[in-house]
Amino acid sequence: MCIFCKIAAGEIPSTKVYEDEYCFAFKDINPQAPVHVLLIPKEHIESVNSINEENANVVCEVMKAIPKVASLIPELKDGYRVISNSGKNAGQTVFHLHFHILGGKEMNEHIV
């Protein structure tokens, strides 16, 4: 079981921001912005490259949760950025699909 599966199962402590039947959102322990939340599906899906017909509905529910998570955080009312890294060269370090929800400051148009 990967670290994100353990976090979603409550086996590893985290600062929960949101949870529903399909996904779990928690504060990143190494934030890259004033607000940095990770949103993960509870079902283990390795990365964007692993999305298929069998898990597409779960991914859809996770995507629908992004604005719900953002609405819970006042610092994101003026906008936020969502990033998902897919693969080692993109910087994916935990191979469980996840979305970084970043904000709390004005971000420029550059991705990095």
Side-chain angles (χ1 to χ4, degrees):
M1 186 179 289
C2 81
I3 190 168
F4 284 176
C5 287
K6 290 178 181 179
I7 289 171
E11 295 175 19
I12 295 176
S14 64
T15 304
K16 179 170 74 170
V17 175
Y18 174 86
E19 181 176 16
D20 66 23
E21 177 183 348
Y22 300 98
C23 59
F24 188 82
F26 57 98
K27 290 184 179 180
D28 193 298
I29 61 170
N30 185 25
Q32 303 299 305
V35 174
H36 188 166
V37 173
L38 297 176
L39 177 62
I40 63 172
K42 289 182 175 179
E43 177 181 325
H44 184 85
I45 301 169
E46 189 169 296
S47 71
V48 170
N49 287 336
S50 301
I51 298 170
N52 57 40
E53 287 297 320
E54 289 77 37
N55 61 31
N57 70 313
V58 171
V59 176
C60 182
E61 294 298 326
V62 173
M63 297 303 290
K64 290 184 339 187
I66 291 171
K68 293 176 188 177
V69 171
S71 73
L72 298 172
I73 305 168
E75 296 89 347
L76 300 183
K77 70 177 177 61
D78 291 327
Y80 55 92
R81 180 170 291 165
V82 178
I83 298 174
S84 184
N85 301 321
S86 187
K88 183 180 172 187
N89 283 349
Q92 185 177 7
T93 57
V94 177
F95 288 85
H96 182 121
L97 179 65
H98 58 285
F99 298 90
H100 299 262
I101 302 171
L102 303 152
K105 69 174 187 174
E106 186 174 337
M107 298 181 162
N108 63 37
E109 69 276 3
H110 300 290
I111 298 299
V112 292

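For the single chain, residues carry numbers from 1 onward in sequence order. Quick caveat, the model's predicted, so the values are computed rather than measured.
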Notebook entry, point to check: Rounded to the nearest 0.5 Å, what separation is found between the NZ atom of K88 and the CZ atom of F95?
Noted result: 8.0 Å
Notebook entry, point to check: Shortest non-hydrogen contact from H36 to N30?
Noted result: ND1-O, 4.0 Å
Next item on the list: Using modelled atom types only, decide if a donor and an acceptor are shared between the side chain of H96 and the backbone of P41 within a distance under 3.5 Å.
Entry: yes
Check: Can you get from L102 to V82 by hopping between Ile, Leu, Val, Met, Phe, Trp and Tyr side chains that sit under 4.5 Å apart?
Finding: no
Note to self: Checking side-chain contact (heavy atoms from CB on, under 4.5 Å) between I101 and each of I83, D28, V69, which is the one that passes?
What the structure shows: V69
Margin query: Looking at every non-hydrogen atom in both residues, tell me the closest pair between V37 and A25 and how far apart they are.
Written below: CG1-CB, 3.9 Å
Item checked: Min side-chain heavy-atom separation C23-Y18 under 4.5 Å -> yes
Check: Taking K42 for the side chain and V58 for the main chain, is one N or O donor matched with an acceptor at less than 3.5 Å?
Finding: no
Notebook entry, point to check: Hey, are the side chains of H44 and C2 touching, using non-hydrogen atoms and a 4.5 Å cut-off?
Noted result: yes
Margin query: So I66 and M63, do their side chains get closer than 4.5 Å, heavy atoms only?
Written below: yes
Checklist line | From NZ (K68) to CD (E61), nearest 0.5 Å | finding: 7.0 Å
Next item on the list: Would you indicate whether E11, at its atom CD, is surrounded by more than 12 heavy atoms from other residues, nucleotides or ligands within a distance under 6.0 Å?
Entry: yes
Next item on the list: Would you check if the side chain of S47 reaches a backbone N or O of L97 as a donor-acceptor pair within less than 3.5 Å?
Entry: no
Next item on the list: Find the distance between CG (N55) and CD1 (I51) and round it off to the nearest 0.5 Å.
Entry: 6.5 Å
Notebook entry, point to check: Rounded to the nearest 0.5 Å, how far apart are CD of E43 and OH of Y22?
Noted result: 10.5 Å
Margin query: Testing the basics here: between K16 and F24, what is the closest heavy-atom pair and its distance to 0.1 Å?
Written below: CD-CE1, 3.3 Å
Next item on the list: Please indicate whether N89 has more than 12 foreign heavy atoms, meaning atoms of other residues, nucleotides or ligands, lying under 6.0 Å from its CG.
Entry: no
Next item on the list: Find the distance between CD1 (I45) and SG (C5) and round it off to the nearest 0.5 Å.
Entry: 10.0 Å
Notebook entry, point to check: Shared ILVMFWY cluster between V62 and L76, side chains joined below 4.5 angstrom?
Noted result: yes
Note to self: Here's a test for you: under side-chain contact (heavy atoms from CB on, under 4.5 Å), which of I73, L38, L39 qualifies with V17?
What the structure shows: I73
Check: Can you check whether S14 reaches F4 side chain to side chain, under 4.5 Å on heavy atoms?
Finding: no
Next item on the list: Using modelled atom types only, decide if a donor and an acceptor are shared between the side chain of N85 and the backbone of H100 within a distance under 3.5 Å.
Entry: no
Next item on the list: Measure the shortest side-chain to side-chain distance between S84 and Q92 over non-hydrogen atoms and say whether it is less than 4.5 angstrom.
Entry: no
